[in-house]
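First the structure, in the form of structure tokens, and then the observations on it.
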Amino acid sequence: MAPTVPHSKPVTVRMFSQRFSSTPLGARLARRLALYRLHSWGFPYGSAVSDAAALIVAELGANAATHGRVPGRDFELQLTLCGGAASYEGPGLGAEADAHPARVLRIDVSDTRGERRPPHPGEIVAPDASAVGGRGLLLVEALADRWEVLDRLPVGKTVRAELDLPR
């Protein structure tokens, strides 16, 4: 009888996690530290991956500081560089898992306001041209290959965005 090779799970290559104050300064610091961490992981400043991740972290961090703010509570940024085709664990995986690239950069921004949830992917409506805000998640939807809103236990929510990385 020939030995079988077990299906391997994705491997987390790198991880960065940090809490920031729920302020504009905290959101700016999250973006800057994300860029620094990505540079140290081999994604140089100004590269396509670095620029897309910076915009996503900036928008999600600003949303956490603005809409997810609870006085005295921080928001959390987590960057995860995953390897393996099945790294995406969201809904609708099925046969799609084989189509995903070998590496994925996962960006999670968590806050403590679980009751204030953004619209789901595909449900975002563009604001009027004269509106001051409301375009951040449109940028996330345009830049990320996938994104979703998850419950955070024991309290809050996590907005997750993923970038497929070149092989």
Side-chain angles (χ1 to χ4, degrees), residues 8-69 74-93 95-111 118-124 126-127 132-150 152 156-167:
S8 62
K9 294 278 187 183
V11 176
T12 298
V13 179
R14 309 264 186 193
M15 180 183 272
F16 168 75
S17 183
Q18 180 70 46
R19 291 182 184 264
F20 298 93
S21 63
S22 293
T23 63
L25 179 62
R28 187 178 76 189
L29 184 57
R31 179 186 57 82
R32 294 181 66 118
L33 284 177
L35 283 172
Y36 175 79
R37 184 59 58 187
L38 289 173
H39 183 77
S40 72
W41 289 351
F43 302 100
Y45 299 112
S47 67
V49 171
S50 178
D51 287 348
L55 279 170
I56 291 170
V57 170
E59 292 302 331
L60 296 181
N63 283 353
T66 304
H67 306 293
R69 184 172 197 274
D74 297 334
F75 74 90
E76 181 180 21
L77 167 67
Q78 183 171 312
L79 301 176
T80 309
L81 182 61
C82 299
S87 61
Y88 180 65
E89 298 169 1
L93 251 186
E96 269 184 60
D98 295 331
H100 289 188
R103 295 190 313 156
V104 172
L105 175 63
R106 180 178 294 157
I107 302 165
D108 290 338
V109 175
S110 303
D111 64 52
H120 292 287
E123 296 179 355
I124 300 172
V132 175
R135 293 171 183 82
L137 285 177
L138 287 171
L139 287 173
V140 172
E141 191 161 72
L143 292 170
D145 292 295
R146 291 165 300 284
W147 74 279
E148 62 183 328
V149 182
L150 305 167
R152 179 179 183 223
K157 67 182 172 297
T158 298
V159 180
R160 171 176 290 169
E162 292 187 340
L163 295 173
D164 294 340
L165 302 176
R167 293 179 187 246

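Atoms considered below: every heavy atom in the structure, side chains included; atoms not considered: hydrogens, waters and symmetry mates. One-based numbering along the sequence shown.
- How far NZ of K157 is from CD of E148: 14.5 Å, rounded to the nearest 0.5 Å.
- From L105, atom CG reaches atom CZ of R14 across 12.5 Å, with rounding to the nearest 0.5 Å.
- In plain terms, the two heavy atoms of S22 and D74 that are nearest each other are OG-C, 3.6 Å.
- Across all their heavy atoms, V57 and A34 have their closest contact at CG2-CB, 4.0 Å.
- Residue pairs meeting the side chain to side chain donor-acceptor pair (under 3.5 Å) criterion with at least one member in residues 23-46, sequence neighbours excluded, are S21-T23.
- Going from atom CG of L38 over to atom CD1 of I107 covers 7.5 Å, rounded to the nearest 0.5 Å.
- Taking the charged nitrogens against the carboxylate oxygens, D164 and R103 have no contact shorter than 4.0 Å, which rules out a salt bridge.
- Not counting sequence neighbours, F16 has no partner by the ring-ring contact (aromatic ring centres under 6.0 Å, His included) test.
- Residues meeting the side-chain hydrogen bond (donor to acceptor under 3.5 Å, both in side chains) test with S50, sequence neighbours left out: none.
- For the atom pair D108 CG and R160 CZ, the distance stands at 4.0 Å (nearest 0.5 Å).
- Heavy atoms only, all atoms of each residue included: E141 and G122 are closest at OE2-N, 2.6 Å.
- Within the 4.5 Å cutoff, no side-chain heavy atoms of T80 are placed close to those of S17.
- A64 pairs by the side chain to side chain contact (heavy atoms under 4.5 Å, CB included) definition with F75, V109, D111, not counting sequence neighbours.
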message: For a side-chain contact (heavy atoms from CB on, under 4.5 Å) check, start with the C-alpha distance between W147 and I56, then their side-chain angles and the critical distance, and finish with the verdict.
response: CA-CA 10 Å; W147 74 279; I56 291 170; over 6 Å; no
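- Across A53 and L163, no two heavy atoms sit closer than the pair N-CD1, 3.9 Å.
- With sequence neighbours excluded, no residue forms a side chain to side chain contact (heavy atoms under 4.5 Å, CB included) with P24.
- In this structure, N63 has no side-chain hydrogen bond (donor to acceptor under 3.5 Å, both in side chains) partners at least two apart in sequence or on a different chain.
- Among the candidates L137, L77, L139, T158, the single residue satisfying the side-chain contact (heavy atoms from CB on, under 4.5 Å) test with L60 is L137.
- Between V104 and L165 the shortest heavy-atom distance is C-CD1, 4.1 Å.
- Considering only residues two or more places apart in sequence or on other chains, E76 meets the salt bridge (charged side-chain N to carboxylate O under 4.0 Å, His left out) condition with R152.
- With a 4.5 Å cut-off on side-chain heavy atoms, L25 and L29 do not count as touching.
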